[in-house]
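The analysis underlying the following values was restricted to heavy atoms, covering all of them including side chains, and did not include hydrogens, waters or symmetry mates.
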Amino acid sequence: MRPLLERLPPEQRRALELSDLDGLSQSDAARREGVSVSGMKSRVQRGRRRLAELLDRCCRLTLDARGVPMDYDQPADCRCA
């Protein structure tokens, strides 16, 4: 995941690192970064959308009924890493 995160704009990458990897609430992440809560929520949403696009380009995802990725298969010709 890290190589794909590195392809995100810095604000989106930082938002995902704080909220999704470090487990901070979006309001705590917003305070830490000095942005509004709505600004942080937008960064997280845009970052997740962009990350999903990058994942879709390089991996075959197995999704659950809600569309949440559960597993992936990385083709031999993938150059994402």
Side-chain angles (χ1 to χ4, degrees):
M1 213 47 133
R2 286 282 177 191
L4 295 177
L5 279 172
E6 294 299 322
R7 295 182 183 187
L8 298 178
E11 308 84 34
Q12 293 173 13
R13 180 177 58 244
R14 183 75 176 140
L16 292 183
E17 288 172 342
L18 291 172
S19 65
D20 293 345
L21 299 180
D22 295 345
L24 292 179
S25 70
Q26 290 182 10
S27 59
D28 287 342
R31 246 187 318 278
R32 185 175 286 192
E33 293 297 297
V35 299
S36 67
V37 174
S38 65
M40 180 57 68
K41 288 182 178 197
S42 293
R43 289 178 182 190
V44 169
Q45 288 174 353
R46 285 192 304 266
R48 286 177 180 165
R49 191 174 318 121
R50 179 73 180 127
L51 187 59
E53 290 168 3
L54 291 170
L55 274 169
D56 188 50
R57 286 186 195 157
C58 93
C59 299
R60 287 183 293 266
L61 299 177
T62 302
L63 307 177
D64 70 8
R66 296 172 294 154
V68 175
M70 299 302 294
D71 198 6
Y72 72 96
D73 178 39
Q74 188 174 9
D77 62 346
C78 177
R79 292 186 213 135
C80 291

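With sequence neighbours excluded, no residue satisfies side chain to side chain donor-acceptor pair (under 3.5 Å) with Glu11. With sequence neighbours excluded, no residue forms a salt bridge (charged side-chain N to carboxylate O under 4.0 Å, His left out) with Arg13. Legend: residues meeting side chain to side chain contact (heavy atoms under 4.5 Å, CB included) with Arg49, ordered by chain and number and at least two apart, are Gln45, Arg46, Glu53. Every residue two or more places apart in sequence or in another chain that forms a side chain to side chain contact (heavy atoms under 4.5 Å, CB included) with Val37 is listed here: Ser27, Ala30, Lys41.
Judged as a salt bridge (charged side-chain N to carboxylate O under 4.0 Å, His left out), the pairs with a partner in residues 18-29 (not counting sequence neighbours) are, in order, Asp20-Arg48, Asp28-Arg31.
With values rounded to the nearest 0.5 angstrom, Leu5 atom CG is found 10.5 Å from Gln12 atom CD. Here the straight-line distance linking atom CD of Gln26 with atom CG of Leu18 works out to 10.5 Å at 0.5 Å rounding.
Closest heavy-atom contact between Ala15 and Met40: CB-SD, 3.5 Å.
Under a hydrophobic clustering in which Ile, Leu, Val, Met, Phe, Trp and Tyr are joined whenever their side-chain heavy atoms come within less than 4.5 Å, directly or via other members, Leu24 and Leu16 fall into different clusters.
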